[in-house]
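Numbering starts at 1 and runs along the sequence shown. Since this is a predicted model, take the numbers as computed values, not measurements.
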Amino acid sequence: MAELQARVNALYKANTEGTELEQLMLRETIREHATLTTANPGGSATFLVVFDSRQEAIFKPFVGQNTGQCQYYGQEPVDAVMHEVAAWRLAATMGNPWDQLVPTAVLRNIPPLGGGALINRRRGIPDPQVFEHASAQADAAAFWDALIAQQDRHATNYRYEHETRRLALIDHAFSFATPGRFCNGGIFSFRRRNGGREKLTQDEVHALQVLLHSTGLHGLRSYIAQPRSDALHNRAEKMLQTRILPYPGDF
């Protein structure tokens, strides 16, 4: 329990000292919230939150996660919520293009829902045109999913806004996997490898070098459980050594 509380405190502190949007999401008054309804609802409780400014966010409470589904993926319910914010903090520190792909997320308490992950809502639909019209973003998404061991990047688990040609990678609950865990898809990784672009770019190699020489994996070791951060460190080292994008599920 003490270890978990320390990770929660570290993530919250990072949010309060983070980007302008993070700090705004922490302090802005919430006008209303309601159960989120989508074409592909998940198995856990999820809410649509509307701020006074009319901006929208998605809220995933610590209480309300589908324990059976979490167990299937080898995840703890609390960690599944924490991973939403940890993924954003890693992307924010790694910078462009990954901080443009991952929605901003903070830890916040929302009465009467309790504490959980508040995630900036990104517009769009799961549109396969992303692979033709925003191929560089799709390839960057493949690198990201491989690095964080995303277990659930199936064909509807992203958003692409056609008008702005902007890709968003949603739902990082089942990520930071440890070796041997179940993988339900890796659409961006499959596409990139099948297109013959499995070799890492110089920017990706540089990002791995910076990550491995950073303090605590850009702070990630303070946010996620040690076996998961150790696994990410080992994955990054292997990717740097081979300079090849791993297959989905090669955690």
Less than 4.5 Å apart, side chain to side chain, heavy atoms only: is that true for [X] and [Y]?
| X | Y | result |
| --- | --- | --- |
| N157 | N184 | no |
| R165 | Y160 | yes |
| R159 | P126 | yes |
| M25 | Q55 | no |
| F131 | I187 | yes |
| R153 | F190 | no |
| L245 | F188 | no |

If we ignore hydrogens and angles and just use 3.5 Å, is the side chain of [X] paired with the main-chain N or O of [Y] as donor and acceptor?
| X | Y | answer |
| --- | --- | --- |
| Q100 | P97 | no |
| S44 | N66 | yes |
| E84 | H172 | yes |
| Y158 | D127 | yes |
| Q150 | A146 | no |

Cationic N near anionic O, under 4.0 Å, [X] to [Y]:
| X | Y | value |
| --- | --- | --- |
| R123 | E56 | yes |
| D230 | R221 | yes |
| E204 | R192 | yes |

State yes or no: do [X] and [Y] share one hydrophobic cluster built from I, L, V, M, F, W and Y residues joined by side-chain heavy-atom distances below 4.5 Å, directly or via other members?
| X | Y | result |
| --- | --- | --- |
| V102 | F174 | no |
| I119 | L21 | no |
| I170 | L101 | no |
| L36 | F47 | no |
| I148 | L240 | yes |

(request) Classify the angle between the aromatic ring planes of H133 and H162 as parallel (below 30°), tilted (30 to 60°) or perpendicular (above 60°). (result)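 Geometry flag for H162 against H133: tilted rings.
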
(message) Is the ring pair F176/H83 parallel, tilted or perpendicular, if the boundaries are 30 and 60 degrees?
(response)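 Rings of F176 and H83: perpendicular, as their planes differ by over 60°.
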
(message) Name the residue from L48, V50, V49 that meets the side-chain contact (heavy atoms from CB on, under 4.5 Å) definition with R121.
(response)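 That would be L48; it is the only one of L48, V50, V49 passing the side-chain contact (heavy atoms from CB on, under 4.5 Å) with R121.
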
(request) Could you tell me whether F51 atom CZ has more than 12 heavy atoms of other residues or ligands within 6.0 Å of it? (result)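 Yes - once you tally the heavy atoms of other residues, nucleotides and ligands closer than 6.0 Å, there are more than 12.
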
(message) Just to verify, what does R54 make a side-chain contact (heavy atoms from CB on, under 4.5 Å) with, not counting sequence neighbours?
(response)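 side-chain contact (heavy atoms from CB on, under 4.5 Å) check on R54 returns R31.
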
(request) Begin from the C-alpha positions of W98 and F143 and carry the test ring pair (Phe, Tyr, Trp, His ring centres under 6.0 Å) through to its verdict. (result) CA-CA 9 Å; W98 302 287; F143 172 83; 5.4 Å; yes

(request) Identify whether NZ of Lys or CZ of Arg in R193 sits under 6.0 Å from the centre of the six-membered ring of Y247 and within 45° of that ring's axis. (result)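 Pair R193/Y247 counts as cation-pi.
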
